[in-house]
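Below is one structure, written out as structure tokens; the observations come after it.
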Amino acid sequence: MTTTPRAAVTHHPERTDHTDRAARTTIDVDPAPAIDPGEVHVWHIPLDGLPRAAQDHLATALGPEELRRRATYPSSTARARYTVAHGTVRLLLGHFLGIPARAVRIRCGPLGKPELAPAAVPPALPAPDIRYSLSHTQGHAMVAMTTGRAIGVDLEHARPGFPLEAFTRRYFPGPEHDLVLDEGSAAADREQTFLRLWTRKEALVKAAGARMAVGVRQPVCSPAGLTTAPARIHARHPRLHGTWTVQNLPPPHPLATGSAAAALALSGSHPYRVVTHTVSHPTTHEG
């Protein structure tokens with residue numbers, strides 16, 4: 001079940017020092033007061049069109065490893081998108097943890113899955129068990145957060161020239177192969193079916209902290225097929241082993257006019273509800 005956003009809250013990134021007087025940036029990340037048990041919060045983050053001052057302020061939230069990673073991107077557009085996506089994630093985590101965004105400690109698992117480090121919250125404070133996942137494509141990002149269970153989110157758009165039929169025949173299990181290559185379906189419908197399945201697989205391996213090589217052959221449909229309802233998946237591969245719940249999500253509205261898909265994966269089979277949010281473009285003003 002998807003619900004509408006709660007009341008918006010405006011967040012002000014903290015200044016890194018008292019000499020930073022060039023601009024004050026207001027970013028509406030529309031956070032809830034807290035992530036309640038049984039809730040999954042999903043934010044759409046537009047990555048393009050932000051003022052330079054807003055990008056610079058978001059950059060002050062990034063940690064040393066994120067700054068090093070950002071520097072490896074060859075284009076200014078890619079660096080700006082990275083800053084907006086990861087800086088906004090830090091704003092959200094800082095909000096829920098009650099600490100400055102730059103103080104949030106993030107570490108990566110053996111296969112690169114990001115997670116909060118144990119000391120992300122001062123010992124004197126209760127530490128919510130926040131889990132999160134980030135995905136981005138074509139100037140848009142989605143971040144999903146919950147508590148107490150592994151989570152993965154994926155957002156994809158169609159890639160011209162991708163050998164969809166050959167890839168599906170080689171890697172997808174039989175029932176999914178038949179869904180994608182249904183001769184009675186138009187090419188656009190087959191592409192959309194492929195993307196819906198692919199994003200489920202990506203979300204699953206991201207939640208598990210695995211690689212797509214082990215997830216591409218994992219069935220992600222319920223016995224009823226590729227429906228809009230959450231599907232319970234029983235994975236047998238050692239890196240995915242266990243029960244998972246996967247479902248497709250509506251892609252951000254600007255991507256919905258083309259061929260795009262999004263999906264969510266959660267460990268276990270406990271019921272949940274999805275609360276959606278949109279991060280508003282920031283405004284800057286002298287201060």
Side-chain angles (χ1 to χ4, degrees), residues 1-3 5 29-32 34-45 85-86 88-97 104-118 120-121 127-137 140-156 196-212 214-215 218 220 228-235 237 239-252 261-279:
M1 177 180 178
T2 302
T3 64
V29 294
D30 186 24
I35 300 177
D36 293 332
E39 287 185 344
V40 176
H41 290 255
V42 179
W43 286 263
H44 163 221
I45 309 171
H86 290 262
T88 303
V89 168
R90 279 183 165 273
L91 292 183
L92 289 166
L93 291 171
H95 165 78
F96 290 119
L97 294 173
V104 173
R105 295 184 59 186
I106 296 172
R107 67 181 183 184
C108 288
L111 296 178
K113 180 184 179 181
E115 60 186 10
L116 288 173
V121 179
D129 185 17
I130 295 176
R131 315 290 182 90
Y132 75 97
S133 181
L134 172 68
S135 183
H136 54 85
T137 186
H140 297 271
M142 293 180 76
V143 60
M145 294 187 184
T146 193
T147 57
R149 61 199 298 191
I151 187 170
V153 71
D154 190 54
L155 174 63
E156 301 282 347
R196 291 180 66 195
L197 290 167
W198 180 264
T199 52
R200 286 186 176 200
K201 295 172 188 288
E202 279 274 15
L204 175 58
V205 298
K206 290 173 74 173
R211 296 290 192 192
M212 196 57 180
V214 304
Q218 169 63 46
V220 288
T228 57
R232 185 180 299 176
I233 303 301
H234 300 286
H237 191 284
R239 292 190 179 275
L240 302 175
H241 185 73
T243 300
W244 302 87
T245 303
V246 297
Q247 74 170 104
N248 287 106
L249 300 173
L264 173 73
L266 293 162
S267 60
S269 58
H270 305 298
Y272 59 91
R273 70 186 187 104
V274 177
V275 184
T276 59
H277 310 258
T278 296
V279 175

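Along the sequence shown, residues are numbered consecutively beginning with 1.
For the pair Met142 and Ile45, the minimum side-chain heavy-atom distance is 4.5 Å or more. No side-chain heavy atom of Thr199 sits under 4.5 Å from any side-chain heavy atom of Leu155. Considering only heavy atoms from C-beta on, Phe96 stays 4.5 Å or farther from Thr147 through its side chain. With a 4.5 Å cut-off on side-chain heavy atoms, Pro251 and His140 do not count as touching. Counting heavy atoms from C-beta outward, Leu116 and Ile130 have side chains that approach closer than 4.5 Å.
Atom CZ of Arg211 sits about 13.0 Å away from atom CG of Leu240, to the nearest 0.5 Å. To the nearest 0.5 Å, atom NZ of residue Lys201 and atom CG of residue Asp154 are 12.5 Å apart. Annotation: the span from His41 atom NE2 to Leu92 atom CG amounts to 10.5 Å, rounded to 0.5 Å. In this structure, the separation between NZ on Lys206 and CE on Met212 is 10.5 Å, given to the nearest 0.5 Å. With values rounded to the nearest 0.5 angstrom, Trp43 atom CH2 is found 12.0 Å from Leu134 atom CG. The distance from the CD1 atom of Ile151 to the CG atom of Leu266 is 5.0 Å, given to the nearest 0.5 Å.
With Lys113 contributing its side chain and Ala207 its backbone, the two residues share a donor-acceptor pair below 3.5 Å. Asn248 places a side-chain N or O within 3.5 Å of a backbone atom of Ala262 that can act as its donor or acceptor partner. Put simply, the side chain of Arg239 never gets that close to the backbone of Ala210: no donor and acceptor are under 3.5 Å apart. No donor-acceptor pair closer than 3.5 Å links the side chain of Arg232 to the backbone N or O of Trp244. Although no hydrogens or angles enter the test, the distance criterion places no donor-acceptor pair under 3.5 Å between the side chain of Thr146 and the main chain of Gly38.
With sequence neighbours left out, Arg107 forms a salt bridge (charged side-chain N to carboxylate O under 4.0 Å, His left out) with Glu115. Listed by chain and number, the residues in a side-chain hydrogen bond (donor to acceptor under 3.5 Å, both in side chains) with Thr243 are His234 (sequence neighbours excluded). With sequence neighbours excluded, no residue satisfies side-chain hydrogen bond (donor to acceptor under 3.5 Å, both in side chains) with Ser267.
The minimum heavy-atom distance between Gln218 and Ile233, with the atom names listed, is NE2-CG2, 3.2 Å. A pairwise comparison of heavy atoms in Ala263 and Ala203 identifies O-CB, 3.7 Å as the closest pair. Summarising the geometry of Ala85 relative to Ala141, their closest heavy-atom pair is CB-CB, 4.4 Å, with the distance given to 0.1 Å.
Each of Gln247, Arg149, Glu39 was compared with Tyr272 under the side-chain hydrogen bond (donor to acceptor under 3.5 Å, both in side chains) criterion, and only Gln247 meets it. Considering Val153, Val42, Leu93, Val40 in turn, Leu93 is the only one that fulfils the side-chain contact (heavy atoms from CB on, under 4.5 Å) rule with Met145.
The environment of His237 atom NE2 is dense: over 12 non-hydrogen atoms of other residues, nucleotides or ligands sit within 6.0 angstrom.
For His44 and His277, the gap between ring centers reaches or exceeds 6.0 Å.
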